[in-house]
Each structure stands twice: as structure tokens, then as C-alpha cells.
Amino acid sequence: MSNFKSLPGFREFYPEDFAERRFLFQVWRQVARRFSFQEFDGPVLESLELFKAKSGDEIESQLFCFEDKGDREVSLRPELTPTLARMVAARANSLKRPIKWFSIGDNFRYERTQKGRLRCFTQLNADILGEAGPAAELELISLLIQLIQGFGLGQDDFFIRLSDRNLWMLYLEAQGFQEEAPKILEIVDKWERMPEEVAREKLSAIAGERGEGLQASITAFLKVGNLAELSAAFEAVSSGADVGEALQARVDDWSTLLDGFESMGLAGFVEMDLSIVRGLAYYTGFVFEAFDRAKSNRAIAGGGRYNNLIKKMGGPDMPAVGFGMGDVVLADILKERGIMPKFVDTVDAYMVIGGEAERAVALADANALRQSGFSVDYPFKNSGFGKQFKAASASGARVALIYGSEELEKGVVKLRDLNDRSEEDVPRERLMLALRDRLS
RNA sequence: GUGGUUAUAGCUCAGUUGGUUAGAGCACCGGUUUGUGGUAUCGGGGGUCGCGGGUUCGAAUCCCGUUAGCCACCCCA
């Protein structure tokens with residue numbers, strides 16, 4: 001055994017593992033293409049500053065960063081969004097809108113590994129840029145739903161929690177907490193994991209003697225599950241600034257979006273759940289996460305609107321919404337439910353070869369068949385027919401092509417169907433056609 | 001970063017109160033039937049028992065350290 005090991009949090013993909021990976025990517029690409037998203041990619045290594053610019057200096061502790069030989073501070077990418085923002089910003093004026101892009105690539109985070117979290121993971125990223133209205137959210141979230149449905153998961157298996165940082169801002173503003181809102185949202189993000197006393201303490205530190213009332217109003221807001229409950233919640237707190245107009249516009253957006261899901265027949269997948277605010281302050285509107293209904297896993301995917309980021313990264317003012325979906329949690333879920341297909345790298349035909357004279361003929365056919373697009377395999381060494389048929393079975397081939405002395409004499413190849421065990425002699429010049437028929 | 005837990009063959013695991021050369025099943029390779037395949041039979045290769053130190057006449061087994069895996073917290077772009 002070698003003394004060399006792979007680094008912590010980095011995976012190796014043996015052929016059977018890689019087949020699962022390829023399956024995930026295939027489904028992702030197929031579905032993304034159905035939605036007319038275009039695939040792109042960026043550098044895996046970027047300047048450290050790029051990520052700090054988006055997320056702040058604290059991010060460095062979780063980055064795979066180092067100094068390169070040219071004394072540049074660099075980092076493996078922990079996410080794709082800053083790269084995407086830069087790429088879009090660079091050609092913002094010439095890109096046809098809406099911009100619908102996706103990417104499948106490896107990302108790196110220097111963190112302690114645990115279930116569903118590694119140091120190198122693959123993420124599907126999908127973003128829509130240049131559209132400020134909820135049509136973008138509708139398109140993106142319906143893509144997200146089909147991406148998961150593509151693996152055979154349905155309404156009973158997963159759902160989307162839809163929330164809105166705008167509503168939270170308005171709600172807090174209505175209570176006179178406009179400036180304190182970002183800090184309050186940080187607390188809301190951790191609400192479920194935080195004992196009530198701790199929450200009260202923290203809110204009091206921000207809102208003084210109004211902390212207790214704020215805690216009650218947050219608790220009420222978290223229970224909102226539809227638009228009627230939403231307006232009721234606002235009516236109950238209307239003591240601060242008048243947000244009536246902005247609220248109405250926002251409610252209209254919600255209606256448009258929810259109606260859209262209804263039209264698409266996807267309403268059963270989406271739940272209004274204001275407990276999702278997502279920790280990142282750069283989200284500016286709708287935010288959402290996809291969850292296993294069993295809830296035993298981490299979020300399958302998460303995203304939201306980030307209208308200020310492109311400008312912050314040096315680009316023009318451009319609205320954007322996007323999400324990321326990792327391969328680790330998704331693969332875990334598929335395996336838990338036993339719907340990860342078992343894969344064998346199969347071939348169309350496996351050759352059974354009698355001896356040296358027969359081998360010369362078989363090699364000629366093997367090369368010709370391969371050039372024509374068939375996948376063909378054959379044993380390197382001469383051995384008994386019994387052994388070769390075992391190998392043929394193990395290869396997953398649909399048919400065995402038998403090159404024996406009898407066949408050689410007659411100028412034919414015996415074609416054996418390994419499923420129904422039927423056999424037929426085929427003249428060598430007709431082999432390609434016969435094989436095509438048999439495989440179709 | 002904090003805490004818990006585990007570590008024996010490629011995989012799943014045995015291994016007695018510390019006692020000779022560390023085992024099994026599966027997988028892999030080879031032979032039995034000199035032209036017919038999932039489950040037959042015989043054989044083979046493969047392990048410094050995660051690594052390092054200590055206790056002991058003797059350590060896979062006991063003690064300490066360390067690394068790695070797993071799990072939870074923190075964080076989650």
C-alpha cells in the first residue's frame with residue numbers, strides 16, 4: 001500500500017464512482033439545455049482579492065489560498081459567482097439579455113469536513129442576469145425544480161422554501177428599524193438554533209426596550225405562509241414608517257411569481273417560508289432553498305437575487321438572480337432512496353476468439369466496427385470459450401461475436417445474443433448491418 | 001476552531017483474560033472440462049494490524065501521542 005494519501009476532503013473517483021458523477025452531470029446538462037441556459041466556465045484559481053471584494057476579509061480563513069511564485073495572493077475558487085460577475089461585467093454591453101448561463105465545476109473551501117461537506121465539491125451554478133422582475137425567479141426556480149425532478153424525485157420528496165429579504169426589510173422598516181435591519185436579519189437567520197432568551201438579549205441590545213416587542217413581531221412574521229397572512233402581519237405592526245406603496249409593489253411581485261408556479265403546475269413544490277433569509281447580506285430580494293422533505297440532509301440547493309453584486313464587482317448596474325446546487329448532498333439523497341442507477345460501462349459487442357488464425361480476422365473486424373462507431377472489446381490472451389463467455393457477460397455486451405475455426409472456414413461470424421441466447425451465422429461482409437439490427 | 005467516535009486485505013468484518021507463522025466471505029488472478037456466460041470445484045497473490053513512542057519475556061490486543069475517516073457544533077458563498 002502506498003504511503004501517499006489523497007488530501008482531506010478530496011475525493012477519488014474510481015470508474016464506478018465516476019459513472020455516478022457522469023450521470024449527475026448528464027442530467028444537469030440536459031435539463032439546463034431544455035431551459036435554454038448556456039454553459040460557461042472560468043478559472044479555478046483567482047486572485048484572493050476577487051473573493052475578498054465580494055465577501056469581506058473574514059472569508060480568507062475558509063479559502064484554499066496561498067502565495068504563488070510571482071508573489072501573487074491567489075485562491076482556489078470557493079464559488080463561481082464572483083467570476084461570473086466579472087465575466088458578465090466585462091462584456092455587459094454586448095451580451096444579449098436576459099443572460100441565462102450555467103456552469104458545472106469544482107469549488108474549494110478550506111473547512112473541516114463532515115456529512116455533505118467536503119473541501120472539494122462540484123457545483124451546478126445557474127444564473128439569470130439582466131432581468132429585474134419575478135419572471136427571472138420563475139424561470140430559475142422552475143429550472144431548479146426540473147433539475148431535481150430529472151433524477152426521479154417528486155413533490156413528495158423535495159420542495160422549495162421561498163422567502164424574501166425585501167419583505168423583511170419592509171417589515172422592519174414599518175416598525176422603525178430601518179438601519180438595524182441587517183443586524184436583525186443575522187439574528188433571524190439563526191432563529192431556530194437560538195434559545196429564546198439569547199434572541200431576546202440580542203434584540204434588546206439592538207432595539208433597547210422595544211426588543212421584546214420586536215421578538216414577538218418576528219415570531220409572528222415567521223409563521224406567515226401566504227399572502228393573506230402577510231398583509232395581516234403588516235397591519236399588526238404599522239407603527240413605524242409608511243411602507244404601504246412599496247409593500248403593494250412587492251406583494252404584486254409575489255403574486256406574479258406564485259401565479260407563474262400555478263400556471264406551470266409547480267405550485268405543489270413551492271412553499272412560502274420567511275425563515276429563510278440566508279446569511280449573506282448581498283442578497284437583495286427573493287431567496288430560496290431546496291430541501292429534502294425528510295429534512296435529514298443539508299439543503300440541496302440555495303440561491304437568491306443579488307442585484308448589487310455586478311456593480312460592486314466593477315460592472316454596470318445589472319439585476320441578477322442565481323443558485324448553486326452541490327453534487328454531494330444530491331448524490332447522498334439519491335443513494336439513500338436507492339434511485340442512483342447502477343452503472344456498468346458496457347460495450348456493444350464482445351469477441352470470442354478461437355485461436356491465432358481467428359484472432360487476425362477478429363482484429364480486422366474489431367477495428368472496422370470501432371471506426372463505424374460500435375464499442376467492441378475482446379480478450380488479449382487466448383483462452384477457453386467458457387472463460388471468454390464469462391468475460392463477455394461481465395463486459396455487459398449485448399452480443400458476443402464468435403470467431404471460431406468453423407466460422408472462419410465458412411466465412412461467417414456467429415452472432416450470439418447474450419440476452420435471449422439466440423445465435424445466427426452472419427457473413428462477415430454483412431456483420432455491421434446485422435449488429436446494428438441486433439442492437440436496435 | 002470545539003467536542004464525540006472509529007482505524008485489521010481492494011470491500012464487509014472475525015481475532016479469546018496480552019501468547020507461536022493474523023483469519024473468513026466477497027472481489028481479483030490462475031487451473032479443472034481442448035466450442036458456449038450470472039450461482040460448480042481446486043489453487044494463488046495480497047496485510048510492518050493507520051503512524052510513532054511506551055509498558056512487557058512477548059502487543060492487533062494495555063497506555064500516551066499523532067494522523068486520517070465518520071458524526072455534531074461553528075460556518076455555509
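Basis for what follows: all heavy atoms, side chains included, without hydrogens, waters or symmetry-related copies. As the structure is a prediction and not an experimental result, all values here were calculated from the model. In what follows, chains are A, B, ... by sequence order, proteins preceding strands, each numbered from 1.
Between A:W101 and A:F40, the ring-plane angle classifies as tilted under the 30° and 60° cut-offs. Relative ring orientation between A:W28 and A:F25 is described as parallel, the plane-to-plane angle staying below 30° on a 0-90° scale split at 30° and 60°.
When distances are taken from the side chain of A:P8 to each of B:rA68, B:rA40, B:rC74, the shortest belongs to B:rA68. Comparing B:rC76, B:rG37, B:rA72 by their nearest atom to the side chain of A:K115 picks out B:rA72. With B:rC76, B:rC71, B:rA68 as the choices, the nucleotide that has an atom nearest any side-chain atom of A:Q114 turns out to be B:rC71. When each of B:rU36, B:rG31, B:rC75 is scored by its nearest atom to the side-chain atoms of A:R416, the top-ranked nucleotide is B:rU36.
Rounded to a whole Å, the CZ atom of A:R421 is 8 Å from the C1' atom of B:rG38. As rounded to whole Å, 15 Å separates atom P of B:rC76 from atom CD of A:E192. Regarding A:K390, its NZ atom lies at a distance of 6 Å from the P atom of B:rG38, rounded to whole Å. One interatomic measurement links the two molecules: CZ of A:F380 to P of B:rC29, which rounds to 13 Å at whole-angstrom precision. Put simply, OH on A:Y110 is 17 Å from C1' on B:rC76, counting in whole angstrom units. Rounded to a whole Å, the CZ atom of A:F389 is 11 Å from the P atom of B:rG38. Between A:E16 atom CD and B:rC11 atom P there is a gap of 12 Å when expressed in whole angstrom units. With rounding to whole Å, A:R117 atom CZ is found 12 Å from B:rC70 atom P.
With both ends at atom P, the span from B:rA22 to B:rU61 equals 14 Å, rounded to whole Å. Comparing the C1' positions of B:rG43 and B:rG4 gives an interatomic distance of 46 Å, to the nearest angstrom. Across B:rG19 and B:rC13, the matching P atoms stand 24 Å from one another, rounded to whole Å. As rounded to the nearest Å, B:rU6 and B:rC62 have P atoms that lie 11 Å from one another. A distance of about 27 Å separates the P atoms of B:rG69 and B:rG15, rounded to the whole Å. Between B:rU48 and B:rA9, the distance separating the two C1' atoms is 14 Å to the nearest Å. B:rG54 and B:rC73: their C1' atoms are spaced 34 Å apart (whole Å). Distance check on atom P: B:rU67 versus B:rG44 gives 42 Å, rounded to whole Å.
As judged by a 4.0 angstrom heavy-atom cut-off over every strand, A:E406 is placed among the base-contacting residues. A:E407 comes within contact range of at least one nucleobase, with a heavy-atom separation under 4.0 Å. Among the heavy atoms of the strands lying under 4.0 Å from A:G9 are primed sugar atoms or P, OP1, OP2 only; no base atom is included. Nucleic acid contact for A:I402: base, since at least one base atom lies under 4.0 Å from a heavy atom of the residue.
The partner of B:rG25 is B:rC11, by the rule that a Watson-Crick or G-U pair needs both atom distances under 3.5 Å. Here B:rU2 sits opposite B:rA72 as a Watson-Crick or G-U wobble pair (both hydrogen-bonding atom distances under 3.5 Å). With a cut-off of 3.5 Å on both Watson-Crick or G-U wobble distances, the partner of B:rU61 is given as none. Base pairing annotation: B:rG30 forms a Watson-Crick or G-U wobble pair with B:rC42, both donor-acceptor distances under 3.5 Å.
With respect to the salt-bridge test (charged N to carboxylate O, under 4.0 angstrom), the residues A:D292 and A:R337 qualify. Between A:R398 and A:D348, none of the side-chain N atoms (NZ, or NE/NH1/NH2) sits under 4.0 Å from a carboxylate O, so this pair counts as no salt bridge. Ion pairing between a basic and an acidic side chain is recognised when a charged N comes within 4.0 Å of a carboxylate O; A:E289 and A:R161 show no such pairing. Between A:E137 and A:R305 there is a salt bridge, since at least one side-chain N of the basic residue sits less than 4.0 Å from a carboxylate O of the acidic one. Remark: A:K335 engages A:E20 in a salt bridge, criterion side-chain N to carboxylate O under 4.0 Å.
Dashed line: the shortest gap from a side-chain N or O of A:K414 to OP1 or OP2 of B:rG35 is not under 4.0 Å. In this structure, A:T113 reaches the B:rC70 phosphate: one of its side-chain N or O atoms is under 4.0 Å from OP1 or OP2. OP1 or OP2 of B:rC75 lies within a sub-4.0 Å distance of a side-chain N or O belonging to A:K190.
You cannot call A:F385 stacked on the base of B:rU36; the centres under 5.5 Å and planes under 30° rule is not satisfied.
In summary, of the residues considered (A:I206, A:L203, A:L214), a side-chain contact (heavy atoms from CB on, under 4.5 Å) with A:F177 occurs for A:L214 alone.
Nearer the 5' end of RNA chain B, as judged by each residue's closest nucleotide, is the contact made by A:K381, out of A:K381 and A:S393. Across the interface with RNA chain B, nearest-nucleotide mapping of A:N419 and A:E79 shows A:N419 to be the residue nearer the 5′ end.
Donor-acceptor pairing under 3.5 Å, judged by distance alone, is absent between the side chain of A:R112 and the base of B:rC70. With hydrogens and angles ignored, a donor-acceptor pair closer than 3.5 Å exists between the side chain of A:E423 and the base of B:rU36.
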